[in-house]
Amino acid sequence: MLWPFELHRSYHRRNDIHARFGGQQQGGISTPADAPGIFIFTGHGAGHVGYQDVFEADGSFRYTGQGQLGDMRMISGNRAIRDHVQNGKDLLLFQQTKKGGPVRFEGLYVCGGWEMEQQPDMNGQPRQAIVFTLVPQNGLSVEAEDLAAGAPPDLPLAELRKRAFQAALASNEASPRVALASVMARSKAVRDYVLARAAGLCEACRNPAPFLTRTGRPYLEAHHIHKMSDGGPDHPASIAALCPNCHREAHFGKDQLTLKSELLEWVRKIEI
Ligand SMILES: [Zn+2]
Ligand SMILES: [Zn+2]
């Protein structure tokens, strides 16, 4: 399955988002318990204090976290954004342009990092706010990575694995502004490792990759087992290397839940 939202299309927040997937109907950060995503709302009237939210030139988005008064803390919605990669959740960004109006889907994002910044609270008092750098996931798609990535580094599997685990946890610590490029590098580190781990065999059907790429690598695709979307960094125990057939089946097949639990069992045996 994939998310049923089209880029830049407008949706009714309650009917189209929460009625279908759950999550808090008010506030800037909505964390449904049973859906593999976190809904983020920005803009006028979205019940969100972040009037300082801003899109940067490289397409990344500075998003002010949750908390109306006093210093913000890394709890609830803020924590959910910070930890979304390791929790297997997608970040879906919606913008409200008019109070009470529809929300526009701005796409899938990845939390690249966060920092504390002085901003006024609801009463105009200065306080420390959590500001996330969210980078657009479309710059991190499998195709974009293949074009940009070139050959994987020629390193032992253990070293690739170490880099992948570091990449998966990189957004936990506060850090100054993070660029799209560094999140792409994290994403590539996880992907390089998972493809090396698979050693040319699909991790679902165990058949050899259907062809070699121009750089001579067995062609397999990185699939995020929990998330509905692919692309972006993830925990190596949540990604499988699949042949194109098994990959389509994982998203669209009638037995996708069975396939999902088999994949989880397989990667957990290796990684945990
Ligand atoms: Zn397969
Ligand atoms: Zn996939």
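As the structure lists them, so they are numbered: ligands from 1, and atoms in each ligand from 1. By convention here, the first residue in the shown sequence is residue 1. Here the structure is a predicted model, which means the values were calculated and not measured.
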Quiz item: Is it true that the side chains of His224 and Asp230 contain a donor and an acceptor less than 3.5 Å apart?
Solution: no

Practice problem: Provide the atom name of the closest N, O or S atom of Asp230 relative to the Zn ion (ligand 2). | Solution: OD2

Quiz prompt | Pairs satisfying ring-ring contact (aromatic ring centres under 6.0 Å, His included), at least one member in residues 64-91, at least two apart | solution = none

Exercise. Please check if any side-chain donor atom of Gln25 sits under 3.5 Å from a side-chain acceptor atom of Ser30, or the reverse.
Key: no

Practice problem: Establish, from distance only, whether the side-chain atoms of Gln119 and Thr64 form a donor-acceptor pair under 3.5 Å. | Solution: yes

Practice problem: Taking the Zn ion (ligand 2) as the reference point, name the nearest N/O/S atom of His223. | Solution: ND1

Self-check item: Salt-bridge contact Glu221-Arg248 (side-chain N to carboxylate O under 4.0 Å)
Solution: no

Practice problem: Keeping waters out of it, list the protein N, O or S atoms under 2.8 Å from the Zn ion (ligand 1). | Solution: Cys202 SG, Cys205 SG, Cys243 SG, Cys246 SG

Quiz item: Any side-chain donor-acceptor pair under 3.5 Å between His235 and Gln86?
Solution: no

Self-check item: Phe41 six-ring centre to Arg13 NZ/CZ under 6.0 Å and within 45° of normal
Solution: yes

Exercise. Report yes or no: does His224 have an N/O/S atom closer than 2.8 Å to the Zn ion (ligand 2)?
Key: no

